[in-house]
Colleague: 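One structure, as structure tokens, below. Some questions next.
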Amino acid sequence: LGCALVAWLLTGEFSRAVAVLIVGCPCALILAVPTATVAAIGRAARAGILVKGGQYIEGVAQADTLFFDKTGTLTEGNPKVEQIFTVASSSEREILSQAASVECLATHPLARAVVQAAHYARVSIEAARDLCTEIGLGVRGTLHGQLIEVGSVYLHGGMAAVPEALRPQLNAIKERGATPLMVYRDAQPLGCLSVADRIRRGAGQAIGRLRQLGFAEIGILSGDHPQSVALVAGEVGATRGWPSLKPEDKLAVIRGRQQQGARVIFVGDGINDAPALAAADIGIAMGARGSEVALETADIALMGDDLDKLPFLVRLGRRMLLVIKINIAFGLLFNLLAVVAGATGLITPIMGAVVHNVGSVLVVLSSASLALFAEENR
């Protein structure tokens with residue numbers, strides 16, 4: 001309005017003031033951000049990535065620290081019971097039956113592995129009562145008046161409370177990267193299940209590409225034992241692993257990094273990961289096998305559980321920010337030149353209407369280029 005008034009007062013031609021008003025409307029500038037954001041969200045959706053808002057793609061582009069959960073995220077989330085070790089007074093079928101009776105209603109991948117093994121072995125499963133989950137430790141319930149517990153050795157005092165006969169087997173399970181599940185009846189150990197999961201195909205390649213994109217730290221936050229976490233970290237190329245973490249411990253690690261100025265992405269799939277997904281600057285959930293709580297809490301979901309989509313998402317976010325900056329710079333420069341042209345009489349009001357729309361169309365086309373953003377060849 002000021003420019004139009006000045007043009008009218010200096011030239012005495014009202015048509016120049018009108019031309020300035022027409023071309024000065026900042027449509028190109030206003031369209032710079034939302035069109036790029038919508039195009040980026042649409043391109044992510046086509047790649048199987050559900051994004052709940054444009055600010056989350058921006059957050060991914062600006063992040064410098066990336067943390068993964070292990071089980072179900074870096075691993076396939078389809079573990080299997082490999083071996084069953086018993087104390088003298090118990091049988092393998094008895095241990096498997098009682099463990100499955102407690103785990104049959106749980107959703108954790110390890111619980112599914114126990115129930116699946118019981119079905120394959122054709123042992124009876126009777127749902128336990130008074131089920132209770134201790135996050136990061138295990139599950140307990142009542143079966144025929146007896147307390148059955150399945151989970152970590154830390155349910156009852158750690159390795160010190162494990163019978164001597166089971167200790168070598170426990171150590172062997174940990175050394176090969178599997179997860180030991182202790183089974184207790186009335187606080188007395190019955191035996192141990194060895195549960196193993198394979199590393200997700202392409203996880204190492206995805207982390208390698210993320211490191212090339214400049215992430216300062218790529219770590220694993222897991223409730224599993226140190227040997228298993230170290231093995232997975234070494235195979236996928238993570239910079240560090242934090243083992244034996246409860247949900248509140250994962251939260252503490254993330255907040256500690258944020259206090260140091262880091263922008264953190266956390267990738268997880270389970271109920272245990274919900275606090276970390278909420279606390280991270282950007283929470284990303286595995287959409288296919290992830291729990292409902294994780295999907296609800298996360299900002300982004302990988303619908304196909306494909307970790308190789310993460311480097312693509314980071315690159316897409318960075319390209320979106322670049323396009324936004326280009327759009328803003330173009331919109332400002334275009335409007336400035338158009339206002340000058342209108343004030344000096346180089347364009348008439350009718351020509352100004354055409355020029356004004358040309359600027360808007362160019363910004364939209366610039367943003368639309370994000371819809372053609374290509375994924376890298378694997």
Side-chain angles (χ1 to χ4, degrees), residues 70-72 79-121 123-174 178-197 222-229 243-250 270-273 291 293:
K70 184 181 78 71
T71 304
K80 300 186 185 309
V81 175
E82 294 182 325
Q83 291 177 291
I84 302 175
F85 302 99
T86 69
V87 296
S89 59
S90 306
S91 69
E92 291 186 6
R93 293 180 65 84
E94 178 186 11
I95 290 175
L96 191 56
S97 174
Q98 298 201 1
S101 296
V102 174
E103 298 276 28
C104 63
L105 299 180
T107 58
H108 193 278
L110 297 181
R112 294 198 299 265
V114 173
V115 175
Q116 185 181 57
H119 283 306
Y120 287 157
V123 301
S124 61
I125 301 176
E126 182 180 347
R129 303 175 59 186
D130 304 322
L131 292 171
C132 174
T133 299
E134 286 200 37
I135 302 298
L137 290 177
V139 181
R140 57 169 53 98
T142 303
L143 188 65
H144 302 305
Q146 297 176 312
L147 179 64
I148 307 298
E149 297 168 288
V150 183
S152 166
V153 294
Y154 296 103
L155 275 169
H156 287 287
M159 287 294 290
V162 176
E164 288 285 347
L166 282 180
R167 291 184 186 179
Q169 286 89 344
L170 274 175
N171 291 328
I173 291 171
K174 293 179 179 180
T179 300
L181 289 180
M182 290 294 298
V183 182
Y184 299 90
R185 181 170 60 202
D186 292 332
Q188 298 300 314
L190 294 179
C192 176
L193 307 174
S194 172
V195 185
D197 195 4
S222 174
D224 215 335
H225 60 85
Q227 292 95 326
S228 177
V229 176
S244 306
L245 297 183
K246 297 180 181 179
E248 57 267 29
D249 299 325
K250 295 182 180 182
I271 295 175
N272 295 353
D273 299 322
S291 68
V293 174

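Numbering of residues begins at 1 and proceeds along the displayed sequence. What you see is a predicted model; the values in this text were computed from it and never measured.
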Colleague: Hey, what do you get for CG (Leu105) to CG (Leu131), rounding to the nearest 0.5 Å?
Modeller: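 Here the interatomic distance stands at 5.5 Å.
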Colleague: Check whether Asp186 reaches the backbone of Leu147 with its side chain - one donor and one acceptor, N or O, closer than 3.5 Å.
Modeller: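 Yes, Asp186 side chain to Leu147 backbone: donor-acceptor pair under 3.5 Å.
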Colleague: To the closest 0.5 Å, what do you measure between CE (Met182) and CG (Leu137)?
Modeller: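 If I round to the nearest 0.5 Å, the distance is 13.5 Å.
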Colleague: To the nearest 0.5 Å, how far apart are CZ in Arg129 and CD1 in Ile148?
Modeller: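 Interatomic distance, Arg129 CZ to Ile148 CD1, rounded to 0.5 Å: 14.0 Å.
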Colleague: Considering non-hydrogen atoms only, spot the tightest contact between Ala99 and Val183 and give its length.
Modeller: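 Minimum heavy-atom contact is CB-CG2, 4.0 Å.
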Colleague: Check this for me: Arg167, atom CZ, are more than 12 non-hydrogen atoms of other residues, nucleotides or ligands nearer than 6.0 Å?
Modeller: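 Above 12, so yes.
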Colleague: Does Thr86 reach the side chain of Leu190, with side-chain heavy atoms less than 4.5 Å apart?
Modeller: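 Side chain of Thr86 against side chain of Leu190, heavy atoms only: no contact under 4.5 Å found.
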Colleague: Please give me the minimum heavy-atom distance between Pro180 and Leu170, naming the atom from each residue.
Modeller: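 Between these two residues, the closest heavy atoms are CB-CD2, 3.3 Å.
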Colleague: Considering non-hydrogen atoms only, spot the tightest contact between Gly191 and Leu166 and give its length.
Modeller: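 Of all heavy-atom pairs spanning Gly191 and Leu166, the closest is CA-CD1, 4.0 Å.
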Colleague: Just jot down the side-chain hydrogen bond (donor to acceptor under 3.5 Å, both in side chains) partners of Glu126, sequence neighbours excluded, or say none.
Modeller: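 If we apply the side-chain hydrogen bond (donor to acceptor under 3.5 Å, both in side chains) test to Glu126, skipping adjacent residues, the hits are His144.
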Colleague: Would a 4.5 Å heavy-atom cut-off, applied to side chains only, mark Ile125 and His119 as touching?
Modeller: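 Sidechains of His119 and Ile125: in contact.
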Colleague: Can you give me the closest heavy-atom contact between Ala113 and Val81, atom names plus distance?
Modeller: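 Ala113 and Val81 have their closest heavy atoms at O-CG2, 3.7 Å.
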Colleague: Run through Thr179, Leu110, Ile95 and flag the one making a side-chain contact (heavy atoms from CB on, under 4.5 Å) with Leu193.
Modeller: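 Per the side-chain contact (heavy atoms from CB on, under 4.5 Å) rule, the option paired with Leu193 is Ile95, out of Thr179, Leu110, Ile95.
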Colleague: What residues form a side-chain hydrogen bond (donor to acceptor under 3.5 Å, both in side chains) with Gln83, not counting sequence neighbours?
Modeller: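 side-chain hydrogen bond (donor to acceptor under 3.5 Å, both in side chains) check on Gln83 returns Arg176.
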Colleague: Check whether Ser97 reaches the backbone of Arg93 with its side chain - one donor and one acceptor, N or O, closer than 3.5 Å.
Modeller: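 Side chain of Ser97 to backbone of Arg93: no pair is present.
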Colleague: Can you confirm whether Glu149 sits close enough to His156 that some side-chain heavy atom of one is under 4.5 Å from a side-chain heavy atom of the other?
Modeller: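 The answer is yes; the side chains approach within 4.5 Å.
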Colleague: Work out which heavy atom in Ser244 is nearest to a heavy atom in Asp249; give both atom names and the distance.
Modeller: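 Heavy atoms of Ser244 and Asp249 come nearest at O-OD2, 4.2 Å.
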Colleague: Please give me the minimum heavy-atom distance between Gln227 and Lys174, naming the atom from each residue.
Modeller: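 Heavy-atom minimum between the residues: CB-O, 3.1 Å.
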Colleague: If we ignore hydrogens and angles and just use 3.5 Å, is the side chain of Arg140 paired with the main-chain N or O of Glu134 as donor and acceptor?
Modeller: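 No, because the side chain of Arg140 does not come within donor-acceptor range (under 3.5 Å) of the backbone of Glu134.
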Colleague: Quick check on side-chain contact (heavy atoms from CB on, under 4.5 Å): which of Cys192, Ser228, Pro168 does Ile173 satisfy it with?
Modeller: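 Among Cys192, Ser228, Pro168, the one meeting side-chain contact (heavy atoms from CB on, under 4.5 Å) with Ile173 is Cys192.
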Colleague: Distance from Glu94 atom CD to Ser124 atom OG, nearest 0.5 Å?
Modeller: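 Those atoms lie 10.5 Å apart.
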